[in-house]
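Numbered from 1 within each chain, the chains take letters A, B, ... in sequence-line order. Any value given below was found using the heavy atoms of this structure, including those in side chains, with hydrogens, waters and symmetry copies removed.
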Amino acid sequence: MAIWLMKSEPDEFSINDLKQNTREYWNGVRNFQARNFMRQMREGDLVLFYHSSCKTPGIVGTAYISKEAHPDPSCWDTQSVYFDPKSSPDAPRWDQVQIRFDNKLKKTLTLTTLKSLAELNGFPLVAKGNRLSVMPVEDKYWKVIQPILEFDATDSH
DNA sequence: GCCAACGTTGGC
DNA sequence: GCCAACGTTGGC
């Protein structure tokens, strides 16, 4: 099972929204590197849910991949904020996955904390200038992060 | 709100 | 194929 990290602005879509909805399509990704990572995702892979562009950026919960990559309909929807004129139903260009809520952390594992861990040097999330919204979490980094995740509920993990 | 860093576009 | 200009991300 692979581990991924996905960023969301909580004003747009938060871990609480995911908890309430249980499942959500991860659409609107318009970056090739992020899209290519989504294409590598397999059902059952674990996702670290990250809040970005907010007061306290950091990991806030976990989810599972519940549907693998398939065309993101918003890319050819002229009414969508994610509309891409270079996309069409015949040539979608962009993909989405579906994720399912797993668990929420007791409190945010903040970016500040993650940056303070020397063992995470090299992890794209903490690299200067990195803006990737979807990234793999290599095993060596997962080994550092996993033990410090404190879940709200322990039964679903 | 600012701005550094980065990805994408398009002229040449 | 280069690279300047532009738009976006996201921490601070």
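Nucleotides of DNA chain C with any atom under 4.0 Å from a heavy atom of chain A span, from 5' to 3', C:dG7 to C:dC12.
Of all the heavy atoms in A:Asp45 and A:Trp4, the pair that sits closest is OD2-NE1, 3.0 Å. Smallest separation of non-hydrogen atoms from A:Ile15 and A:Thr62: CD1-N, 4.4 Å. Taking every heavy atom of both residues into account, A:Asn27 and A:Ser74 meet most closely at CB-OG, 4.3 Å.
By the 4.0 Å N-to-carboxylate-O rule, A:Arg42 lies close enough to A:Glu68 to be salt-bridged with it.
For A:Asp77 (side chain) and A:Phe83 (main-chain N/O), no donor-acceptor pair under 3.5 Å exists by modelled atom type. A donor-acceptor distance shorter than 3.5 angstrom exists from the side chain of A:Asn31 to the backbone of A:Ala34, with no hydrogens or angles considered.
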Exercise. Assess whether salt bridge (Lys or Arg N to Asp or Glu O under 4.0 Å) is satisfied between A:Arg30 and A:Asp72, documenting all intermediate values.
Key: CA-CA 10 Å; A:Arg30 298 292 179 266; A:Asp72 171 2; 3.0 Å; yes
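Residues from residues 78-97 of chain A with heavy atoms under 4.0 angstrom of DNA chain C: there are none. Contact check of residues 108-115 of chain A against DNA chain C (heavy atom, cut-off under 4.0 Å) returns A:Leu111, A:Lys115. Of all the residues in residues 123-131 of chain A, A:Lys128, A:Gly129, A:Arg131 reach under 4.0 Å from DNA chain B with at least one non-hydrogen atom.
Between A:Phe13 and A:Phe49, the ring planes lie tilted relative to each other; the angle falls in the 30° to 60° range.
Here the CG-NZ distance, from A:Asp152 to A:Lys19, works out to 6.0 Å after rounding to the nearest 0.5 Å.
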Contacts under 3.5 angstrom, residues 92-100 of chain A side chains, donor-acceptor by atom type, not counting sequence neighbours:
unit_1	atom_1	unit_2	atom_2	d
A:Arg93	NE	A:Asp84	OD2	2.8
A:Trp94	NE1	A:Asp84	OD2	2.7
A:Asp95	OD2	A:Arg39	NE	3.0
A:Gln96	NE2	A:His70	NE2	3.0
A:Gln98	OE1	A:Ser66	OG	2.7

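Among residues two or more places apart in sequence or in another chain, the salt bridge (charged side-chain N to carboxylate O under 4.0 Å, His left out) test is passed with A:Glu9 by none.
Side-chain contact between A:Thr110 and A:Ile59 is absent, with no heavy-atom pair separated by less than 4.5 Å.
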